[in-house]
Amino acid sequence: MMMGREERDRKIEAYGAAYAQLVAALGRFPREMWQYRPALGRWTIHEIIVHITDSEANSYVRCRRLLAEPGSMVLGYDETKWARALNYHDQNIDDALQLFQWLRRTSYELIKDAPEAVWSHTVEHSEDGAMTMDDWLDVYERHVREHIEQMEGVYQDWLAR
């Protein structure tokens with residue numbers, strides 16, 4: 001999907017603002033409930049934060065492959081297995097947030113003034129097939145916002161218990 005310049009610019013700026021949006025949202029949720037699991041198979045806020053950072057690390061690599069190695073392969077990953085195998089609850093939230101901030105900022109700096117030609121670059125995603133630079137932006141521009149909504153659901157469940 002090729003998007004127009006105005007829509008792309010809007011998404012790039014929203015992408016760049018995600019860390020501030022995430023921190024503002026986290027301020028609404030008492031830290032003592034971040035380990036609360038609303039139901040078996042659902043994630044805690046702590047796990048969601050670490051997932052966002054792991055996803056951003058994958059996004060960081062995908063962005064650079066799109067820019068520097070169009071046509072190359074990028075790998076999918078099993079988010080649930082990562083959460084379990086990497087013991088998300090043992091990971092430091094402040095470190096995860098700092099890493100997310102750095103990863104997101106450096107990718108934002110790369111894409112905000114990227115030439116028009118790179119937006120049609122593609123890579124081959126191991127699970128989803130061809131992915132353009134615009135597809136990548138669309139996925140990661142909304143990723144944090146979608147997880148903030150998920151955290152809000154966890155919080156509402158915690159309040160109701």
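- Side-chain atoms of R65 do not come within 3.5 Å of backbone N or O of G71 as any donor-acceptor pair.
- We find that R8 and E141 are not joined by a salt bridge, their nearest charged nitrogen and carboxylate oxygen being 4.0 Å or further apart.
- In this structure, R104 forms a cation-pi arrangement with Y15, its terminal cationic atom sitting closer than 6.0 Å to the ring centre and no more than 45° off the ring axis.
- The residues E13 and K112 are annotated as not salt-bridged, no charged nitrogen and carboxylate oxygen being separated by less than 4.0 angstrom.
- Taking hydrophobic clusters as Ile, Leu, Val, Met, Phe, Trp and Tyr residues chained together by side-chain heavy-atom distances below 4.5 Å, W136 does not share a cluster with Y60.
- Between E56 atom CD and C63 atom SG the span is 9.5 Å, to the nearest 0.5 Å.
- Using a distance-only test at 3.5 Å, with no hydrogens or angles considered, a donor-acceptor pair links the side chain of Q91 to the main chain of L86.
- With hydrophobic clusters built from ILVMFWY side chains whose heavy atoms lie under 4.5 angstrom apart, L110 shares a cluster with V139.
- S126 places no side-chain N or O within 3.5 Å of a backbone atom of L75 that could act as its donor or acceptor partner.
- Of the N and O atoms on the side chains of E152 and Q156, at least one donor lies less than 3.5 Å from an acceptor on the other residue.
- Distance check: I111 CD1 to M133 CE gives 5.5 Å after rounding to the nearest 0.5 Å.
- Classification of the Y155-W158 ring pair by plane angle, with boundaries at 30° and 60°, yields parallel.
- Under the 6.0 Å cut-off for aromatic ring centres, W82 and Y77 qualify, their centroids lying closer than that.
- Formation of a donor-acceptor pair under 3.5 Å by the N92 side chain with backbone atoms of D94 is found in this model.
- Between K81 and D54 there is no salt bridge, since no side-chain N of the basic residue sits under 4.0 Å from a carboxylate O of the acidic one.
- No path of Ile, Leu, Val, Met, Phe, Trp and Tyr side chains, each step under 4.5 Å between heavy atoms, connects Y140 with I52, placing them in separate hydrophobic clusters.
- With salt bridges taken as basic N to acidic carboxylate O contacts below 4.0 Å, none links R161 and D157.
- Note that CD of Q21 is 10.5 Å distant from CG of L26, once rounded to the nearest 0.5 Å.
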Apply side chain to side chain contact (heavy atoms under 4.5 Å, CB included) to the pair V118 and L66, showing each step before the final yes or no. CA-CA 8 Å; V118 304; L66 278 156; over 6 Å; no
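- A distance-only check finds no donor-acceptor pair linking the side chain of T132 to the backbone of T122 [under 3.5 Å].
- No side-chain donor-acceptor contact under 3.5 Å links S59 to the backbone of S55.
- A ring-centre distance under 6.0 Å is not found for H46 and H51.
- Contact record, I49 with A96: CG2-CB, 4.4 Å, taken as the closest heavy-atom pair.
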For E69 and R64, run salt bridge (Lys or Arg N to Asp or Glu O under 4.0 Å): C-alpha distance rounded to whole Å, both residues' side-chain angles, the deciding distance at 0.1 Å, then the answer. CA-CA 7 Å; E69 298 181 67; R64 280 142 184 84; over 6 Å; no
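- Cluster annotation: L103 and Y19 are assigned to distinct hydrophobic clusters (Ile/Leu/Val/Met/Phe/Trp/Tyr, side-chain heavy-atom contacts under 4.5 Å, transitive).
- No more than 12 heavy atoms of other residues, nucleotides or ligands sit less than 6.0 Å from atom CD of E6.
- In the hydrophobic clustering of ILVMFWY residues, with side-chain heavy atoms under 4.5 Å counting as a link, V23 and Y108 come out apart.
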Report the C-alpha distance between D134 and W119 in whole Å, list the side-chain angles of each, state the deciding distance to 0.1 Å, and finish with yes or no for side chain to side chain contact (heavy atoms under 4.5 Å, CB included). CA-CA 6 Å; D134 277 331; W119 293 97; 3.2 Å; yes
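- Between H147 and W43, the two ring planes are parallel [angle under 30°; tilted spans 30° to 60°].
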